[in-house]
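For reference, the structure discussed in these notes is given below.
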Amino acid sequence: MDILAELNHAQREAVEAIDGPVLILAGPGSGKTRVITHRIAYLIRVCGVSPYHVMAVTFTNKAAREMVERLGQLVNYAVKDLTIGTFHALCSRILRREGEAIGIDARFVIYDAADQISLLKHSLQELNLDPKQYAPVALSSAISSAKNNLLSPDDYRQRGRSYFDEIAARVYEHYQQRLRESGALDFDDLLMMTVLLFRQNPEVLSRYQLLYRHLLVDEFQDTNLVQYALIKQIGDKYRNICVVGDPDQSIYSWRFADLRNILSFENDYPDTKIIFLEQNYRSTKVILETASQVISVSQSRYHRGKLKQLWTNNEAGELVTVVETYTEQEEAQFVVSEIERLVSHGQCSLGDCAVMYRTNAQSRAIEETFIRYGMPYRLVAGTRFYERREVKDIIAYLRLIQNRRDSVSLLRVINVPPRGIGEQSQTRLSVWAKSLGMSSYEALRLLAKETPFSPHITKPLAAFYDMLEKLIERSQELSLVDLFDFVIGRIDYKGYIFNVPDGEERWDNILELRSVAQEYRGLPPSEGLTAFLEGVALVSDIDNMEEGASAATLITLHKAKGLEFPVVFIVGMEDGLLPHFRSIDDPTQMEEERRLFYVGVTRAKKKIYLARAFRRNLMGRSMITVPSRFLNDIPRDKIAPMLSGWQEEKSAVEASLSSWSKPSIYSTDVRDSYSRNRISPIPSITLCNLKVGDRVRHSQFGEGVVVSCQSVKDDMEATIAFDGQGVKKLLLSFARLEKV
DNA sequence: CGAAAGGCTCTTTTT
DNA sequence: GAGCCTTTCG
């Protein structure tokens, strides 16, 4: 198979330019992933480069996995010798191996955002600072920004401009000390420490420079300063660095991503070859032109005097559908019934459809409606699996086994399940430990010999210590799953969790976690534990998204980056949501909101819907909304006249279009001003002869018994207890129910 | 000590 | 409307 075949001119150029620095500016759907994979295949198969010498950095684990998969088809077995992963995963791997040089124990644990906040709160307490005055999240953001700019606490203090900065520097210093004592690194540390490691140990750096002679960086527009520093360190010797990105899709400035990295790259490597990928293979002309119009309003998009101009040979396609509904429930209903219409007309499958929104909170109304109508969906995140309390509890035990010094985990589980170690005991323990200048865990160990407290305090503490030591001892010989079971059994987590609300569901999550642990069964005890903890620390929701599921996808605009769907609904097209109100008075942030919208529109291949609700519940309060200003930038001739059945009068659409500059918030009569695009009830199609006690079958939920039936508006709602699936409420006109 | 209840504050986006 | 924190009571 010819690697260069089926590539267009620009793509081919990008694949063949293997010597020296290359900057690829790739518009959405321009075959970026194809270029990266083919480039790697070209390096290996045509240029004879050893796969060991190639490192590719992606934004998510999912992207890495996909790349591995595609490369597997191009280079076969050689794929296993390639280094492909996220910045965080790659850094973690390097630090496990080399961290000792800068005093990092190979058994370090990784703290996520929640662990970070928890540790910060303890820091505040020890520094006698009021968390109300100095919000932990604000401090965490300040510290994160410092780390992402490679600033030590001292550097940070010197640059500080305000009293808050002074405090933040103090907290940063203390927090960092606590991390070190705990043998823990936070997400930002993974990157920063690797850069510091290389800085302070040229001989280590040199080894990695020799190893990774060809670097590829995906989503370069979303890299931050540390990440760039790292690339530059490793790539500086051979200078075979290929970065791929699209400034128009830069949506992570709040994570300190810095578009200036693109300029720095060109400055640092003046011989950079710049390649534009401008042909779009993904979307229809209508979608692409809509997107181009939306982004064209954005400032400073020229690159060295050239403006990236996307074009496509694809068909014109269907016009954009813009819909206003009365409430967010109706908005969701519109989405569901429209998907139902498309699917039943054979225009697309359920899995082809995606619903995208600005904030996670918006998913609820949508989800409820999907459930109500019995339409299968998959939600990408919400509360992340690994952020669930019960999951974190068990992970904390396992982390403690891996690394006794992990103070956040210790504090998390010291009284979970309750074992008589209340707040009083905990405070006493930590005060005592501090007075001895040791960690809480060391103090626990000492407790057997010295007993500074009364027995009713000492006893449970000592028992807890003994139990942990027992767990650690067993961890040497048990496989991961056996260890998992041993821990659960030893603390009787099942008994505990079944006595808290939603106990059964929580227990299911534990079993789910157990099945993740099972994936590591091939590894020896301690290795399995480390790999498992590493895995759970660095996965994201998007990584677990199943491909080709027969369900609609519900996803935030941010997470949708890099994905594509034939049919896309963007909901919540309102000022305050998109653009988000926190961005509205800052022009720079507004640009980013616009790019976020652009990312959403360019996910669509065939058809895009933009929906908004006239009234929306925000923070528990019902608000009248203002149409998103971004709607004004959509070319009028690309907007479809309303769908029949969803439209009361065509002129209302015109009215709504022209009224976008005049926010309807000033209307005196809410109901009256809401006249456009009212949704009609979903037509009743199927059976209404259903009785309580009937057995029915549903395509998704299997068989069940009708528990109750009631009429809702023009429809019937049945409550059905499905065998092993729980009780669901379904609308009969919608759910495909069969009588058994 | 711990369970339960009431009060508070936010809600952007995530490796 | 939810999660987190504090207070209160047994």
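The sequence lines fix the lettering, A, B, ..., with proteins before strands; numbering per chain opens at 1.
Among the nucleotides B:dT13, B:dC1, B:dT15, the one closest to any side-chain atom of A:T556 is B:dT13. Closest to the side chain of A:H580, out of B:dT11, B:dA3, B:dT14, is B:dT11. Checking B:dT14, B:dC1, B:dG2 against the side-chain heavy atoms of A:N415 singles out B:dG2 as nearest. For A:R364, the listed nucleotide lying nearest its side chain is C:dA2; candidates were B:dT15, B:dT13, C:dA2. Of the listed nucleotides (B:dT15, C:dC5, B:dA3), B:dA3 has the atom at the smallest distance from the side chain of A:P418.
Across all strands shown, B:dA3 pairs with C:dT8; the Watson-Crick or G-U wobble distances both stay below 3.5 Å.
Nearest-nucleotide mapping onto DNA chain B: of A:R582 and A:A113, the residue sitting toward the 5' end is A:R582.
Between the side-chain ring of A:Y252 and the base of B:dT13, no stacking contact exists by the 5.5 Å and 30° definition.
Rounded to whole Å, the distance from CD on A:Q362 to P on B:dT11 is 16 Å.
Within 6.0 Å of CZ on A:R107 lie more than 12 heavy atoms contributed by other residues, nucleotides or ligands.
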Check: Passes side chain to side chain donor-acceptor pair (under 3.5 Å), A:R70 versus A:T33? Steps please.
Finding: CA-CA 9 Å; A:R70 290 220 212 171; A:T33 314; 4.5 Å; no
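For A:Y175 and A:Y172, the ring centers are positioned 6.0 Å apart or more.
Using cut-offs of 30° and 60° on the angle between ring planes, the pair A:Y252 and A:F59 is tilted.
In terms of phosphate contacts, A:K561 brings no side-chain nitrogen or oxygen within less than 4.0 Å of OP1 or OP2 of B:dT14.
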